[in-house]
Every structure is written in C-alpha cells, then in structure tokens.
Amino acid sequence: MRVEDLPLPTEAKRVLLERGYSELFPPQEEAVRAGLLNGESIVVASPTGSGKSLIALLAGLRALAEPGKRCRVVYAAPLRSLVYERAEEWRSILESLGRRVAVSTGDYDRVEPWLGEADAVMVTYEKLDSLLRHGASWLADVCVLIVDEIHYVGDLRRGPVLETVIARLMAMNDGMQVVALSATISNAGEIAAWLGARLVESNWRPVELREGVFNNYVIEWGDGGESRVEKRTRNHSLDVALDAVADGGQALVFVNSRRKAVELAEKLAAAAANDSEVRRLLDPGGAAGPYVSILRERQEHRELNEKLARLLSLGIGFHHAGLASYQRDVVEKAFRARVLRVLVATPTLAAGVNLPARRVVVDTLYRFRPGRGSEPIKVSEYKQLAGRAGRPGLDPVGEAVIIARTQEQAWEALIGYVQGELEPIVSKLVSEAALRSQVLAVVSSLGVATVAEVARVFERTLYTVQVGPPLEEIDRISWTLSEYGFIDRVGDVVEATETGRRVAELYIDPLTGHRMLRGLEALHSERPPLERLLFLALWSPDATRIRPPRGLHLALEMEAEQLLEDLGFTPYEEVGEADIAVAAEALYTADMLLDWVMEKPEDVILAKYGIDPGDLRGVVETSAWLVYSMAQLARVTGHPAAAYLDKLTVMVKHGVQEELVELVKLPGIGRVRARRLYEAGYRSPSDLAGLNPEQLAQLLRGLGEERARQALAEAQRSARREHRVSKEKLSADGRRGQRSILDYLSG
DNA sequence: ACAGGCTTCCTATAGACAGCATGTC
DNA sequence: CTATAGGAAGCCTGT
C-alpha cells in the first residue's frame with residue numbers, strides 16, 4: 001500500500017512524501033485496513049521499529065488534515081523524551097498544514113502554553129492525568145486519543161494512572177477514536193476489547209532479529225544455528241560484543257547495575273590497552289574529539305567527565321541514570337554517530353529514545369529487588385532489551401545474545417526467554433496507593449456525587465474488564481480519604497474538601513498530603529527549622545531519596561524515631577518499621593539537600609554522599625515539587641509558614657540560601673552566578689537594573705551577551721514590580737496615617 | 001622477610017512521572 | 001528471608 005493512495009487530503013500526503021514516507025510497512029497497512037483512517041479504534045501490537053509512530057501520525061493527520069473541522073488530538077507516552085522526540089516530527093509535519101502542536105510535560109522549562117488552542121497536544125500520562133484534575137475544559141472535545149506504549153497499563157506504579165485516564169476520557173468523549181500502540185504482548189485481544197478497538201497484531205520487523213544464548217564461547221541461536229566466539233578479553237559479555245564489532249557492527253551491552261556498567265567499560269579499555277587488535281577494532285580515530293571535548297570543557301563533574309572522556313576516545317561508552325543529562329546526551333549521540341563501538345548500559349537505554357545496535361548483549365537475566373534478592377526478569381523485559389537489536393538500513397540482521405554462566409542456564413534461557421511466552425498485561429489499579437490517589441482525583445472533579453457515581457467512572461478501566469468493578473475498594477478508600485480530611489462523606493454522598501481538591505491538583509499522593517499537614521501542625525511557626533521541613537517533604541511516598549551507607553543505618557534510625565516523635569507521629573504505633581527505615585533514608589537525604597541549599601559545591605556534595613550527578617538532580621527536582629506542594633497546603637490551611645515555604649521552594653530548586661532567592665529567579669542566573677553577584681554587592685534584581693549587558697557579562701564570565709540581556713530585562717521588570725509594591729505600601733501607610741488623624745480629631 | 005594467591009567477610013544492588021505561568025505604564 | 005559479585009581484609013604458602 002502506498003502513501004499516495006491513502007484516503008487523506010492531498011496536502012497531507014504531499015507532506016508525508018516529502019518526509020520520505022512512500023510505502024507502508026505491513027503493520028501500518030493492516031492498521032489502515034482495520035479502519036485507522038475511518039476513525040476506528042485500534043490496538044497495534046508489534047515490535048519496536050515496526051513503524052508504530054507513523055500509525056500514530058496517520059491517526060493525527062486523519063483527524064487534523066481536513067480543513068475547518070474542529071477536532072483535538074491527544075498523544076500520550078510514558079517518557080518525556082519520547083514525547084519530545086515524537087513532537088519534533090509532528091510539529092514539522094502538522095505545522096506545515098497550518099495546525100498547532102503543543103507539548104506539555106512536567107518539565108516546566110519546556111512547557112508550551114496555549115494548550116487550549118492547540119490542535120494536537122502531546123503529553124506524558126501523568127501530565128494528562130494532571131490536566132484532567134485541573135479540569136481543562138478542552139479535554140471534552142478530544143476526538144482522537146493516541147496512547148503509545150500502552151503495555152505500561154501493567155506497570156505497578158504508572159499503570160493505574162494510565163488506565164484511569166483512558167477510562168475517564170472515554171467516558172467524557174463518546175465515539176472518541178483510541179489508537180493504542182504496544183510492544184508485542186500475549187493478551188492484546190483483551191486490551192483491544194477493553195478499548196472497544198480492533199486488533200492489529202504483527203511480528204514484522206524492518207530488520208530481522210536473531211536471538212541466541214552464549215555459553216562456553218559458542219552462541220546457540222534460537223533458529224538452530226551456532227557461532228563460535230573468539231576469546232579476546234576475560235569477560236564473556238565483552239567478547240560477545242567484540243565479536244559483533246569485528247563483524248563491522250556496534251554492540252549494546254545491558255547490565256543490571258551502574259557499577260557494572262562502568263566496570264565493564266573500564267575492563268574493555270584495559271583490554272584495548274593490552275591488545276592492539278582490540279584497540280584497533282574499537283578505535284574511533286579522531287571522530288571522538290568533539291564529544292570528548294564537550295565533557296572535558298565542563299567545570300563540574302570533573303571526575304566522571306574525565307572517566308567518560310577517556311573511554312569515549314577509545315570507542316567505548318557507558319550509560320546509566322546517574323549521568324547528568326548532558327552526559328547522557330553526549331554518549332547517545334556518540335553511539336548514534338558510530339563513534340562508540342561498544343556501549344554498556346543499564347535498562348534506561350531500553351525504555352527511552354530509539355538507539356539500536358547490531359548486537360544486543362544481555363549480561364544477565366537477573367535483577368535485584370529490595371527485600372527479595374535477585375530475581376529473574378520478565379520475558380517482556382528481556383524482549384524489550386532484545387528489541388534494540390538491528391539498525392534499519394545499516395545492519396543485515398539484529399542479534400540479541402544472552403550470556404549464560406552454565407550449560408543449564410543456557411538451556412533455561414533458550415526455553416524460557418528466547419522461545420519464552422510473554423506475560424499477559426494485568427491491571428494494577430487496585431493497589432492502595434494508586435487507588436487512593438485516583439479516587440480522590442475523581443471525587444474532586446465530580447463535585448457532589450454518590451459513591452456509586454464515583455465507581456461508575458472506574459467501570460471503563462481495564463481492571464473492571466479483567467476482575468470486575470472495584471466497588472468495595474472504592475468505598476473503603478473513600479472512608480480513608482475522609483479521615484484525612486480530603487473528602488466529606490455523609491452516607492453515600494461524597495465531596496472533596498478544598499484541601500482535598502488541592503491535593504489532587506498538586507498531584508501528590510493523598511498520604512503525602514496527609515503527612516505533610518500533620519507534620520506542619522507540629523511546626524506551628526513562621527519559620528520552622530529548615531531540616532524538619534525538608535525531612536517532611538522527603539519522608540513522603542512521593543519523594544526520591546538516596547540510600548545511606550549501611551554503617552549509618554542504626555544512628556539514622558534512632559534520630560529518625562526522635563524526629564518522628566517530635567513531629568507528632570508515634571513510632572511503632574502508627575508508624576511501622578518500614579516507614580521508620582524510610583524516615584532514616586529521608587533524614588540522610590535531607591542532610592544532603594541541606595548542603596545543597598547551603599550552597600556547597602556540587603562536586604563536594606557528590607563525593608560526600610557517594611552519588612552521581614543524575615541522583616542529585618533527581619532528588620532536587622522531586623523535592624522542589626514536594627516543598628512547593630507543602631507551601632500550597634500551608635496556604636490552603638492558613639499555616640503561618642506558607643511564605644517561608646514559598647522561598648524554600650526556590651532555595652531547593654536552585655540550591656541557594658535565602659538571600660539569593662530573588663537573584664536566582666533571573667534567567668541564566670543559577671546558584672553560582674547569583675552568589676558571585678551577591679558578593680559583588682548586587683543583592684537584588686533592582687541593584688542590577690542600572691547595568692548594561694556588557695557590564696553584566698563581564699561580571700559573570702561565561703555568560704553570553706544575549707543571556708545577559710535577558711537577565712537584565714527581567715531584573716528591570718522585577719525592579720519595577722518592587723517599586724510599585726513599595727509605592728502602594730507607602731500610600732497605604734499614608735492613608736492609615738490620615739485615618740489615624742481623623743480618628744484623633746473625631747475622638 | 002615478603003610477594004602473591006586463596007579464603008572469608010562485608011557491602012551494595014535499575015529507572016523516572018508529577019506543580020508552577022500569561023500581558024501593563 | 002531472598003541472591004550475586006566485587007572489594008577489603010586476613011591468612012597461607014613458596015621462595
């Protein structure tokens with residue numbers, strides 16, 4: 001089937017042809033035959049790289065390409081990176097057709113407003129949930145909902161969000177077309193039935209995938225063949241990787257810990273140092289130069305950057321979530337440019353943007369889970385890794401190789417994984433945390449309603465299809481929420497309280513909100529101690545924490561118990577052992593955040609707490625959101641610390657002390673520059689207002705003139721605001737003065 | 001006396017979503 | 001009470 005022949009407006013087809021789309025892949029063709037372009041709901045279950053993104057785009061084009069017709073398209077994906085990647089493509093195509101595309105994720109720096117006016121809105125699942133909670137009225141005229149990676153409905157934490165959002169949108173918009181895209185799953189039919197969709201299933205891939213198991217220097221392929229592997233290093237995974245490199249390809253090695261990722265990369269570097277053949281195989285020549293210099297030019301993260309730079313120049317890379325985003329970016333780009341021959345990575349790389357390699361090496365099929373030891377990963381997780389094998393147009397076939405330790409393990413891997421059956425997707429809606437959050441969200445958006453009406457919203461979830469409506473659970477949870485003071489419940493009638501609505505909008509777990517409010521009660525002052533406020537934010541189930549070293553556990557737990565008691569939570573009675581352990585972690589993390597807010601240099605913090613740049617970023621990002629939420633809750637309940645918490649939000653976000661809060665709000669001015677300005681005597685934006693851009697750029701080396709202009713413009717705006725406020729205050733004082741005179745006269 | 005190898009004990013273990021704004025002397 | 005691997009410390013052995 002050709003693009004030219006599709007029932008789409010000619011203008012739309014012209015744009016597609018310009019982008020190089022001319023012939024449809026088999027799954028795309030099947031989707032069209034199933035009614036994709038007639039507005040039929042469809043579930044497409046097919047492998048990575050089989051062209052699902054074009055199916056999404058076609059659905060969008062079908063709805064938007066016709067001039068005049070009013071229809072909104074929503075595209076939702078599980079990762080910000082996926083949303084951005086997809087949005088780039090959509091924007092270039094839809095905007096040339098005169099349609100507006102908006103991206104909205106929690107990543108505030110990159111949010112584009114005017115969602116209500118956009119024709120296509122591209123979001124993460126949670127952002128879509130958040131928009132529903134805020135009652136965005138335009139959601140009522142969504143005519144096409146595209147859900148990418150819908151197998152996430154089976155995810156313990158994120159699945160419930162996804163299925164509730166889908167259920168709510170289906171209920172709001174009768175006849176809405178749902179286009180759901182999934183990796184291959186075993187119960188795609190059930191998912192299709194849930195969504196009232198037709199099912200398109202396909203195993204077609206643009207590059208053939210061969211899967212095999214390595215043992216004793218032989219790869220046994222699932223299709224019966226065998227390949228010998230040369231021993232070049234002292235590590236099996238690296239030998240299998242080098243085998244692909246010797247064949248002219250690139251290899252992606254998946255490991256299950258960060259340490260291992262770095263370690264294997266280092267081992268390969270050592271092998272290259274000792275063996276000229278290995279060195280020659282990997283050698284990127286001068287091509288690594290630009291990537292290496294990006295890393296070496298950075299002022300911060302010196303140690304990590306040097307390690308990474310040294311490896312990159314040998315054609316080797318590692319990748320995990322501890323890396324700062326610029327570091328990840330460099331590694332990904334270098335791999336894509338074939339500068340890197342071998343990349344060792346944790347599973348981050350499997351879920352994110354498309355980064356295929358000729359050969360994928362699966363170092364282990366086990367993964368550690370706290371409290372349960374190391375466990376075999378799911379077949380679907382393995383398939384996700386394997387799916388990264390094969391670059392269309394560059395590799396004749398993609399290969400996925402599992403490294404087995406023993407003959408027995410090899411056999412198990414072959415039967416259980418290569419030929420293994422995929423697990424069905426099962427709804428996780430009925431988990432305490434998920435349901436209390438979703439029930440509050442629904443109650444909050446319904447206004448006054450009966451419990452039965454609340455339950456009706458959940459009738460269109462996957463859970464109802466698989467198990468039945470969760471009536472008892474909803475009833476029980478609504479009592480819990482009313483104990484928290486987030487809903488009023490009289491008999492069977494429920495309504496969210498003001499605080500409850502705010503909790504739903506802030507997108508925090510109701511338990512988070514409850515604990516914050518209780519803790520704040522014990523801190524009834526305008527300026528509660530900083531570390532207690534940080535602790536309160538970090539103790540919540542929504543927080544990201546870092547793990548303390550084992551040696552500190554005991555001391556931290558004792559301190560945590562005391563702190564909990566001071567905050568009005570009785571240890572071992574209402575706070576269980578598990579939550580005390582969490583509190584110990586929270587305390588340790590609060591300590592780190594305190595260093596951050598006290599402006600300790602980043603590298604010093606990283607070394608002190610034994611963490612990587614990405615970890616600090618993660619803690620800072622979630623903590624800023626939680627402290628903001630705490631500020632809002634304080635405001636709603638009239639708590640005296642509200643104003644201070646507002647400041648604290650900025651302090652946490654930027655890592656500065658209170659005196660820099662105003663300066664750091666200027667664009668291009670972070671913690672370091674703000675401190676330099678302050679020390680130079682510029683203590684507020686109004687102190688800067690008189691400067692010209694050259695002067696500011698000179699004051700802050702490294703700040704470009706354009707950024708300096710932007711910062712100054714903002715400083716001047718803020719100075720004017722300040723001026724106005726003080727004038728108002730003056731005149732108010734003046735009036736008060738007058739009144740007192742009048743009072744005096746009349747008295 | 002000491003280098004090198006083996007054993008034992010100890011420690012640490014993947015990832016990543018969410019708020020917020022919007023004009024003006 | 002789950003599991004694995006690497007690193008450090010401790011011990012033994014051969015020269």
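So that the names make sense, note that chain A is the first sequence line, chain B the second, and so on, each numbered from 1.
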Classify the angle between the aromatic ring planes of A/F535 and A/W539 as parallel (below 30°), tilted (30 to 60°) or perpendicular (above 60°). parallel
Using a cut-off of less than 4.0 Å, is there contact between a side-chain N or O of A/K260 and OP1 or OP2 of C/dG6? yes
Between B/dC20 and A/T649, is there an OP1 or OP2 to side-chain N/O distance shorter than 4.0 Å? no
Ignoring backbone atoms, test whether A/R547 places a side-chain nitrogen or oxygen under 4.0 Å from the OP1 or OP2 oxygen of B/dT11. no
Strictly below 4.0 Å: does A/S374 bring a side-chain N or O up to OP1 or OP2 of B/dT13? no
Using atom C1' in both nucleotides, what's the gap between C/dA3 and B/dC17 to the nearest angstrom? 30 Å
Take atom NZ of A/K665 and atom C1' of B/dA21, then tell me their distance rounded to the nearest Å. 13 Å
Could you tell me the separation between the NE2 atom of A/H236 and the C1' atom of C/dA5, rounded to a whole number of Å? 14 Å
Are any side-chain N or O atoms of A/D148 and backbone N or O atoms of A/A180, one a donor and one an acceptor, separated by less than 3.5 Å? no
Picking from B/dA16, B/dC25, B/dG19, the nucleotide nearest the side-chain atoms of A/R328 would be B/dA16
Within the pair A/R367 and B/dT13, is there a side-chain N or O less than 4.0 Å away from OP1 or OP2? no
Between A/P548 and A/D155, the residue closer to the 5' end of DNA chain B by nearest nucleotide is A/P548
Suppose we define a pair by two distances each less than 3.5 Å, Watson-Crick or G-U wobble; what does B/dG15 pair with here? none
Does B/dT13 have OP1 or OP2 under 4.0 Å away from a side-chain N or O of A/R550? no
Give a yes or no on whether a salt bridge exists between A/D155 and A/K428, defined as a side-chain N under 4.0 angstrom from a carboxylate O. no
Looking only at the side chain of A/A321 (C-beta and beyond, no hydrogens), which of the listed nucleotides B/dC20, B/dA18, B/dG15 gets closest? B/dG15
Take the protein atom CD of A/E117 and the nucleotide atom P of B/dA21, then report the distance between them rounded to whole Å. 18 Å
By the 4.0 Å heavy-atom rule, please label A/G352 as base, sugar-phosphate, or nothing. nothing
Of the nucleotides B/dG15, B/dA18, B/dT13, which has the atom closest to the A/T346 side chain? B/dG15
To the side chain of A/S257, which of B/dT13, B/dA16, B/dG19 is closest? B/dT13
Indicate, with a heavy-atom threshold strictly under 4.0 Å, whether A/R502 touches base, sugar-phosphate, or nothing. sugar-phosphate
For B/dG5, what is the paired nucleotide under Watson-Crick or G-U wobble rules, both distances under 3.5 Å? C/dC11
For the side chain of A/T124, counting heavy atoms from C-beta on, which of B/dA14, C/dA5, B/dC17 is nearest? B/dC17
Indicate, with a heavy-atom threshold strictly under 4.0 Å, whether A/E263 touches base, sugar-phosphate, or nothing. sugar-phosphate
Touch check for A/T364, heavy atoms < 4.0 angstrom, all strands: base, sugar-phosphate only, or nothing? nothing
Distance, rounded to the nearest Å, where A/R372 contributes CZ and C/dT2 contributes P: 14 Å
For A/D148 and B/dC17, what is the distance between atoms CG and C1' respectively, to the nearest whole Å? 16 Å
Checking N1-N3 plus N6-O4 or O6-N4 for Watson-Crick, or N1-O2 and O6-N3 for wobble, each under 3.5 Å, the partner of B/dC25 is none
With P as the reference atom in both, quote the distance from B/dA14 to C/dA5 in angstrom, rounded to an integer. 15 Å
Among the nucleotides C/dA5, B/dG19, B/dG15, which one has an atom lying closest to any side-chain atom of A/T348? B/dG15
Take the protein atom CZ of A/R369 and the nucleotide atom P of B/dA12, then report the distance between them rounded to whole Å. 21 Å
Do the charged groups of A/E126 and A/R158 touch, with an N to O distance under 4.0 Å? yes
Pick the nucleotide of DNA chain B nearest each of A/H319 and A/E126; which residue has the one closer to the 5' end? A/H319
Between A/E498 and A/R501, is there a salt bridge with N-O shorter than 4.0 Å? no
Of the listed B/dA18, B/dT13, B/dA16, the closest approach to the A/S130 side chain comes from B/dA18
Between A/D612 and A/G614 (side chain of the first, backbone of the second, donor and acceptor by atom type, cut-off under 3.5 Å), is there such a pair? no
Just to be sure I understand the rule, does A/L79 reach a base, reach only the sugar-phosphate, or reach nothing, if contact means heavy atoms closer than 4.0 Å? sugar-phosphate
Just to be sure I understand the rule, does A/S629 reach a base, reach only the sugar-phosphate, or reach nothing, if contact means heavy atoms closer than 4.0 Å? nothing
Closest approach of A/F486 to A/H514 (non-hydrogen atoms, all atoms of both residues): CZ-N, 3.5 Å
Counting the atoms with a prime plus P, OP1 and OP2 as sugar-phosphate, which does A/P370 contact under 4.0 Å by heavy atoms, base, sugar-phosphate, or nothing? nothing
Looking for any heavy atom pair under 4.0 Å, which part of the strands does A/R545 touch: base, sugar-phosphate only, or nothing? nothing
Of the candidates C/dG6, B/dG19, B/dA18, the side chain of A/R80 sits closest to B/dA18
Atom-to-atom span, CD of A/Q384 to C1' of B/dA14 - whole angstrom: 13 Å
Interatomic distance where CZ belongs to A/R501 and P belongs to B/dG19 [whole Å]: 18 Å
Step through the shown structure and confirm whether more than 12 heavy atoms of other residues, nucleotides or ligands are within 6.0 Å of CH2 on A/W411. no
Name the nucleic acid region contacted by A/Y507, choosing base, sugar-phosphate or nothing; use a 4.0 angstrom heavy-atom cut-off, strictly under. sugar-phosphate
